[in-house]
Amino acid sequence: MKDKTNAAESLLQSEGPGKASLSPTPAHQDCSHSSCPQQTVQGHSHPLQLQGRAEIAFPCEFIIKAIGLQSDDLAAHTHSLIVKHAPDLRIEHLQLRTSSKGKYLSVSATINAVSREQLDNIYRELNSDPRILYTL
């Protein structure tokens, strides 16, 4: 996840198209899964791609990050997408970070994850929304 985090940080620091993109995971560089919600986005990855790491033990705290274009309601919008699958998430617990030039907004939500299915559903919800550009 460290490489993806560094790529997201780069995205938040750069502003122009093509200047930053998340690097694809080796297993999905040439992804053609029909269910992949981000087929058209270079550098996508599937939920919970845990290359060489142990599986997640549920229940646990899990941080979900969504990045989109800066807008006054992106945090509330992101919350409304996540809370469908994690009803205990409170909007005041979201962490926000604006890119250096103010073009992008990163919304981080720490949820009490109870299953992989729950996390997959959250990522599907976020990745299918046109306002969410990247998820981590």
Practice problem: Tell me, yes or no, whether the heavy-atom count around L96 atom CG, taken from other residues, nucleotides or ligands under 6.0 Å, exceeds 12. | Solution: yes
Quiz item: So, for I63 and Y123, which heavy atoms are closest and what is the spacing to 0.1 Å?
Solution: O-OH, 4.1 Å
Quiz item: With side chains defined as the heavy atoms from C-beta onward, is the minimum distance between R116 and I56 less than 4.5 Å?
Solution: no
Quiz item: Is atom CG of D88 surrounded by more than 12 heavy atoms (other residues, nucleotides or ligands) closer than 6.0 Å?
Solution: yes
Quiz prompt | Intermediate values then yes/no, side chain to side chain contact (heavy atoms under 4.5 Å, CB included), V107 and I132 | solution = CA-CA 10 Å; V107 180; I132 306 299; over 6 Å; no
Practice problem: Could you check if a side-chain atom of L89 sits within less than 4.5 angstrom of a side-chain atom of H79, using non-hydrogen atoms only? | Solution: yes
Exercise. For side chain to side chain contact (heavy atoms under 4.5 Å, CB included), just list the numbers for H77 and S71, CA-CA rounded to whole Å, side-chain angles, deciding distance to a tenth of an Å, and then say yes or no.
Key: CA-CA 10 Å; H77 179 71; S71 70; over 6 Å; no
Quiz item: Within a radius of less than 6.0 Å around CD of Q70, do more than 12 heavy atoms belonging to other residues, nucleotides or ligands occur?
Solution: yes
Quiz item: Which heavy atom in D73 sits nearest to a heavy atom in R131, and how many Å separate them?
Solution: OD1-NH2, 2.7 Å
Quiz item: Do Y104 and L69 have side-chain heavy atoms sitting under 4.5 Å apart?
Solution: yes
Self-check item: Heavy-atom closest contact (A75 atom, L94 atom, distance)
Solution: O-CD1, 3.5 Å
Self-check item: Minimum-distance pair of heavy atoms, taken over all atoms of H85 and Q118
Solution: O-NE2, 2.8 Å
